Amino acid sequence: MISSSGIEVTLNNAGLWKKFNSPMEMILTRKIGRKMFPNLEYSVDGLNPTAMYEIYLHMERMDDHKYRYVSKEWDDYARGDPITPIQKIKHKSGGQTGMFWMDGPISFEQIRLTNNPETEKKDHICLQSMHKWRPVVTIRKLENGDENSDFDEEFRIENVWFMAVTTYQNPAIKVLKVENNKFASGFRSTGNHKTVLPTRGIKRTASETFPTPPSSTSPPSKTSSNGHSPIAHPFHNPANFDFSMMGTAHQYLMNPYQNIWNYGYNMGKQMVQPVMNQWNMQISGQPRNMNHEQQGNPNSTNVPEFYGLNNF
């Protein structure tokens with residue numbers, strides 16, 4: 001559409017709108033509003049490249065009739081509801097130069113349609129159900145950053161209008177929207193998923209589930225750098241045992257389990273043993289007639305034979 005001032009406004013996705021040869025239907029929802037599909041995407045030409053403009057969108061009632069869908073066609077069966085005030089929604093880019101508007105498409109995809117007259121949500125337009133509506137683009141020129149109401153031009157695209165409904169009346173319209181809207185996968189029979197699902201499980205034979213074990217079920221031997229296994233600690237060879245690691249016999253009580261366990265890891269290291277006292281000395285075979293000084297004197301000559309010391 002070209003105005004008297006030479007400004008031209010066209011609908012970029014006019015081909016998609018033409019697919020809906022029957023009257024287009026747009027859903028209204030009360031709580032959160034419904035986005036339009038197809039959305040409104042325009043191109044503008046003929047603006048002053050350096051001048052500042054704002055672009056608005058609103059919906060206008062096309063007539064004073066109320067419609068219903070009967071026998072696969074729309075019928076104007078009653079007088080229309082009272083016309084509501086116009087709600088103009090400013091484009092989210094705000095005031096921009098004419099060059100900015102002419103460089104790219106101008107989309108109003110953020111617009112939501114509702115039938116709640118009390119809503120004050122941003123970018124929501126309240127419409128009356130079962131009435132015909134047409135989108136109108138308004139271009140406003142700004143003078144020194146201020147709105148110039150004397151320069152407001154409105155543009156209406158021919159054959160771009162719709163019927164506002166709360167649920168689709170014509171099943172063909174719903175089918176076309178599902179086929180062309182990439183966000184409507186939930187309405188498709190396949191849910192936009194693959195038609196052939198992968199197999200969840202494969203039946204296996206008993207030999208595959210429980211394979212035949214190897215000839216030897218023993219785990220491979222692993223030895224440390226000192227030749228001993230880190231898991232099993234065999235009893236060491238008495239001929240190679242260094243008794244100097246135990247200290248003097250009358251000062252330390254030998255713990256064979258501790259020495260056996262630590263032998264592979266503490267070779268050549270002094271191992272701390274419990275200090276002898278009058279209690280464990282009696283258990284280990286210390287004579288009961290030793291006095292306190294003899295028990296605590298490391299130079300005492302009365303040294304008994306320790307349990308297990310001569311058994312190596």
Side-chain angles (χ1 to χ4, degrees), residues 1-28 33-48 51 53-67 74 76 80-96 98 100-115 123-142 147-165 170 173 176-177 180:
M1 177 181 177
I2 302 177
S3 67
S4 57
S5 62
I7 299 176
E8 181 181 7
V9 176
T10 57
L11 187 67
N12 283 0
N13 54 349
L16 182 58
W17 279 78
K18 289 180 180 179
K19 288 184 178 182
F20 300 85
N21 49 11
S22 299
M24 175 73 75
E25 298 178 19
M26 292 292 178
I27 293 291
L28 311 177
R34 177 69 65 86
K35 284 190 174 184
M36 300 177 63
F37 181 83
N39 66 340
L40 297 170
E41 185 177 286
Y42 299 94
S43 291
V44 179
D45 197 11
L47 300 176
N48 184 344
Y53 299 89
E54 289 179 341
I55 298 182
Y56 295 81
L57 179 74
H58 73 272
M59 303 294 174
E60 70 174 5
R61 272 247 310 262
M62 295 181 64
D63 53 38
D64 195 24
H65 299 287
K66 193 169 186 178
Y67 295 82
W74 288 96
D76 54 341
D81 298 334
I83 297 177
T84 57
I86 294 176
Q87 296 175 267
K88 288 189 176 182
I89 304 297
K90 183 167 65 174
H91 192 273
K92 58 185 178 182
S93 297
Q96 299 291 341
F100 174 86
W101 294 118
M102 292 187 293
D103 278 347
I106 303 169
S107 175
F108 284 93
E109 62 180 357
Q110 81 275 13
I111 296 295
R112 289 180 176 270
L113 304 180
T114 180
N115 58 351
D123 298 329
H124 282 58
I125 298 179
C126 180
L127 302 180
Q128 296 158 326
S129 179
M130 296 303 195
H131 291 75
K132 287 183 179 179
W133 296 89
R134 176 172 25 219
V136 181
V137 175
T138 302
I139 297 179
R140 177 174 296 173
K141 189 176 182 179
L142 304 179
E147 296 181 358
N148 183 5
S149 58
D150 295 334
F151 187 88
D152 277 1
E153 291 197 59
E154 294 184 346
F155 299 84
R156 296 164 180 83
I157 308 298
E158 187 179 0
N159 297 326
V160 178
W161 61 276
F162 59 88
M163 195 76 70
V165 295
N170 186 354
I173 296 295
L176 284 171
K177 289 200 175 190
N180 293 276

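Just so it is clear, the structure is predicted and the values come from calculations on it, not from any experiment.
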At their closest point, which heavy atom of [X] faces which heavy atom of [Y], and how far apart are they?
X	Y	value
Leu28	Ala164	CD1-CB, 3.8 Å
Asn12	Pro105	ND2-CB, 3.3 Å
Lys141	Ala51	CE-CB, 3.8 Å
Pro135	Leu40	CB-CD1, 3.6 Å
Ser107	Asn39	OG-ND2, 3.5 Å
Lys92	Gln110	N-NE2, 4.1 Å

Nearest 0.5 Å please: distance from the [atom1] atom of [X] over to the [atom2] atom of [Y].
X	Y	atom1	atom2	value
Met59	Met36	CE	CE	4.0 Å
Leu16	Asn180	CG	CG	5.5 Å
Gln87	Leu127	CD	CG	8.0 Å
Asp63	Lys132	CG	NZ	5.5 Å
Glu153	Tyr53	CD	OH	9.0 Å
Arg134	Ile157	CZ	CD1	10.5 Å

May I ask you to decide if Gln128's main-chain N or O and Trp133's side chain share a donor-acceptor pair within less than 3.5 Å?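 Yes; judged by distance alone, with no hydrogens or angles, the pair exists.
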For residues [X] and [Y], determine if any side-chain heavy atom of one lies less than 4.5 Å from a side-chain heavy atom of the other.
X	Y	answer
Phe20	Glu25	no
Val44	Ile106	yes
Leu113	Phe162	yes
Met62	Met163	no
Tyr42	Phe108	yes
Met24	Pro38	yes
Lys90	Ile55	no
Lys66	Asp81	yes

Check the pair Val136 / Phe155 against side chain to side chain contact (heavy atoms under 4.5 Å, CB included), numbers first and verdict last. CA-CA 6 Å; Val136 181; Phe155 299 84; over 6 Å; no
Is it true that, when you exclude Lys18 itself, more than 12 heavy atoms of the residues, nucleotides or ligands shown sit nearer than 6.0 Å to its NZ?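 12 or below, so no.
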Partners passing side chain to side chain donor-acceptor pair (under 3.5 Å) against Asp64 (at least two apart in sequence or in another chain):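 With sequence neighbours excluded, Asp64 shows a side chain to side chain donor-acceptor pair (under 3.5 Å) to Arg61, Arg79, given in chain and number order.
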Can you list the residues that meet the side chain to side chain donor-acceptor pair (under 3.5 Å) rule with His131, with sequence neighbours excluded?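 Result, side chain to side chain donor-acceptor pair (under 3.5 Å) vs His131: none returned.
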Of all residues at least two apart in sequence or in a different chain, which pass the ring-ring contact (aromatic ring centres under 6.0 Å, His included) check with Trp74?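 Per chain and number, Trp74 pairs via ring-ring contact (aromatic ring centres under 6.0 Å, His included) with Tyr69.
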Applying side chain to side chain contact (heavy atoms under 4.5 Å, CB included) to Leu11 and Asn13, what does each step give before you reach the verdict? CA-CA 6 Å; Leu11 187 67; Asn13 54 349; 3.4 Å; yes
Could you go through Phe37 and Ile27, starting from their C-alpha distance and side-chain angles, then the distance that decides it, and tell me whether this counts as side chain to side chain contact (heavy atoms under 4.5 Å, CB included)? CA-CA 9 Å; Phe37 181 83; Ile27 293 291; over 6 Å; no
Side chain to side chain contact (heavy atoms under 4.5 Å, CB included) between Trp101 and Ile139: does it pass, once the steps are laid out? CA-CA 10 Å; Trp101 294 118; Ile139 297 179; over 6 Å; no
